[in-house]
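Structure first, then comments.
Order of the sequence lines fixes the chain letters, A, B, ..., with proteins taken first and strands second; residue numbering starts at 1 for each chain.
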There are 2 protein chains.
Amino acid sequence: MRQERVEEYLGAVYRLREDADAPVPLSRLTEYFGFSPVSVHEMVQKLEEEGWVHYHPYRGVTLSGVGLAAAMAVLRRHRLWERFLTDKLALPWDEAHEAAGDLEHAATEEVTERLATFLGEPDACPHGAPIPPQVQSASEICLCSLPVGAEARVSRIAPETPERLRLAAAWQLTPGRDLRVLAQGDAATEVLVYRAAAEMERTVAVPFEHAQAIWLEPA
Amino acid sequence: MRQERVEEYLGAVYRLREDADAPVPLSRLTEYFGFSPVSVHEMVQKLEEEGWVHYHPYRGVTLSGVGLAAAMAVLRRHRLWERFLTDKLALPWDEAHEAAGDLEHAATEEVTERLATFLGEPDACPHGAPIPPQVQSASEICLCSLPVGAEARVSRIAPETPERLRLAAAWQLTPGRDLRVLAQGDAATEVLVYRAAAEMERTVAVPFEHAQAIWLEPA
DNA sequence: ATGAATTATAAGGCATGCCTTACAAATCGA
DNA sequence: TCGATTTGTAAGGCATGCCTTATAATTCAT
Ligand SMILES: [Mn+2]
Ligand SMILES: [Mn+2]
Ligand SMILES: [Mn+2]
Ligand SMILES: [Mn+2]
């Protein structure tokens, strides 16, 4: 298998595994990539053969030791490049994720570590995702789960789809912003958010669908 | 054809064409890539079909309008990344060329231009090659052609093979250095160089084979 | 002008990584 | 527990971009 393909699959598994122990079902990979189930199955078999993952039939895949290390390396490169693109090149926030998708495969270990030094060893990507070996905060909760009246600070947008990043930026719900939930739609179709921080106040109605991508650190 | 393959071939043609009009023989591409003549021929056919090059049987290939533009874009990206790697990340001089070989395919037009701005719109790569749309100086000559006694300034190392870059750095024959030819080996096996500039003086014996990669601007 | 060297072409092969169709096995909810 | 849904497997296909072997066409130097 070509290295870039391996990295793409391992990165996907890493992103999709909520819990370190829970296997990622192949159906999740199928939907992540938009590939056919058969193709994903084939690739998973090969990943297993080469020792990158453990495959539990009818359950899913977990990362092996080397697989985890490789996945962390890819995500580290990806998120470091995102920081470079936004911090040094002033690339728009919502374009950085896609632009980093190719760069992540095109840097050696040495270049990556020099880049990390150059950037000041950042802990998180511009969208709030931790840069390995940093790990996800355990207290992070979804905007969907925040009770009415509660205050919290935006910590992350995930998954980093272009539309979600664009909307989050438009709503000014970016990492570091404070907010409070004013109300929740009865049919769970909308979440009303009152942004409580800093200079301006603002009320936005966030569709439930997109609230799922906004992660918070409770106040 | 995949975009990266197209870029690799067009970049090679651009580098190999000495004169803008002279076709590059397929044998040059064969030796550049280390591919079989049949494979190169197949790819050239496809490049022609897709309009990137003009193919002159038994003569070679020339770049079409779009092919030239694409080739210049690749070389521009390549050399801008080289500048980034050496100037910002302090990557060793002789490692930059190889490290840029993947990055050159992984940056959009927008990222590339932001990178150029970030770097201060440099005119040349760390090894002295012009960054398109800059063009090669017409007065540049090879160290091999410099008469005994003549003085000149190193302008470029080309082709940028790792060994040649390493040796050039070891000899301190890097762009900007001044030198004078002291003597020439009778069997044309060696060129003796007296470095005339700056703080230290130094005499090095440069094998003819490597002198071919050192290009100069006459004093 | 002719033979040697170069260049082109034809034919078949292979690994990669995606696809579809068809069918089998396991899981899971009712 | 049983049937619907999910998941796995088998078989065949396709585009890409490399390979080798063999043969034909052209060029170039003598
Ligand atoms: Mn990628
Ligand atoms: Mn990110
Ligand atoms: Mn390249
Ligand atoms: Mn260079």
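- For the pair A:Phe35 CZ and C:dG17 P, the computed distance is 10 Å after rounding to whole Å.
- Rounded to a whole Å, the CZ atom of A:Arg28 is 15 Å from the C1' atom of D:dT6.
- In this structure, A:Lys46 atom NZ and D:dT9 atom P are separated by 15 Å, rounded to whole Å.
- Distances were taken from every side-chain heavy atom of A:Arg5 (C-beta onward) to each of C:dC18, C:dC19, D:dG17; the shortest belongs to C:dC18.
- In this structure, B:Phe33 places its CZ atom 16 Å from C1' of D:dC19, rounding to the nearest Å.
- The distance from atom CE of A:Met43 to atom P of C:dT16 is 10 Å, rounded to the nearest whole Å.
- A distance below 6.0 Å separates the ring centres of A:His41 and A:Tyr55.
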Evaluate side-chain contact (heavy atoms from CB on, under 4.5 Å) for A:Leu29 paired with A:Val44, printing each intermediate quantity in order. CA-CA 10 Å; A:Leu29 290 169; A:Val44 164; 4.2 Å; yes
Do any side-chain atoms of residues 62-71 of chain A form donor-acceptor pairs under 3.5 angstrom with protein atoms, and if so which ones, sequence neighbours left out?
from: A:Thr62; atom 1: OG1; to: A:His56; atom 2: NE2; distance (Å): 3.2
from: A:Ser64; atom 1: OG; to: A:Gly51; atom 2: O; distance (Å): 2.7
from: A:Ser64; atom 1: OG; to: A:Trp52; atom 2: O; distance (Å): 2.9
from: A:Ser64; atom 1: OG; to: A:Gly67; atom 2: N; distance (Å): 3.0

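- In terms of phosphate contacts, B:Ser39 brings no side-chain nitrogen or oxygen within less than 4.0 Å of OP1 or OP2 of D:dG17.
- The shortest side-chain heavy-atom distance between B:Glu95 and A:Glu110 falls under the 4.5 Å cut-off.
- B:Tyr14 carries B:Arg17 over the face of its six-membered ring, with the cationic atom under 6.0 Å from the centre and within 45° of the normal.
- B:Glu140 is linked by a salt bridge (charged side-chain N to carboxylate O under 4.0 Å, His left out) to B:Arg156, counting only residues two or more places apart in sequence or in another chain.
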Which parts of nucleotides 4-15 of chain C does protein reach within less than 4.0 Å, heavy atoms only, written one letter per nucleotide 5' to 3' as B for base, S for sugar-phosphate only and - for none? ---BSBB-----
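- Taking atom CD on A:Gln3 and atom P on C:dG17, their separation rounds to 11 Å, with Å as the unit.
- Between the CD atom of A:Glu7 and the C1' atom of C:dG17 there is a distance of 16 Å, rounded to whole Å.
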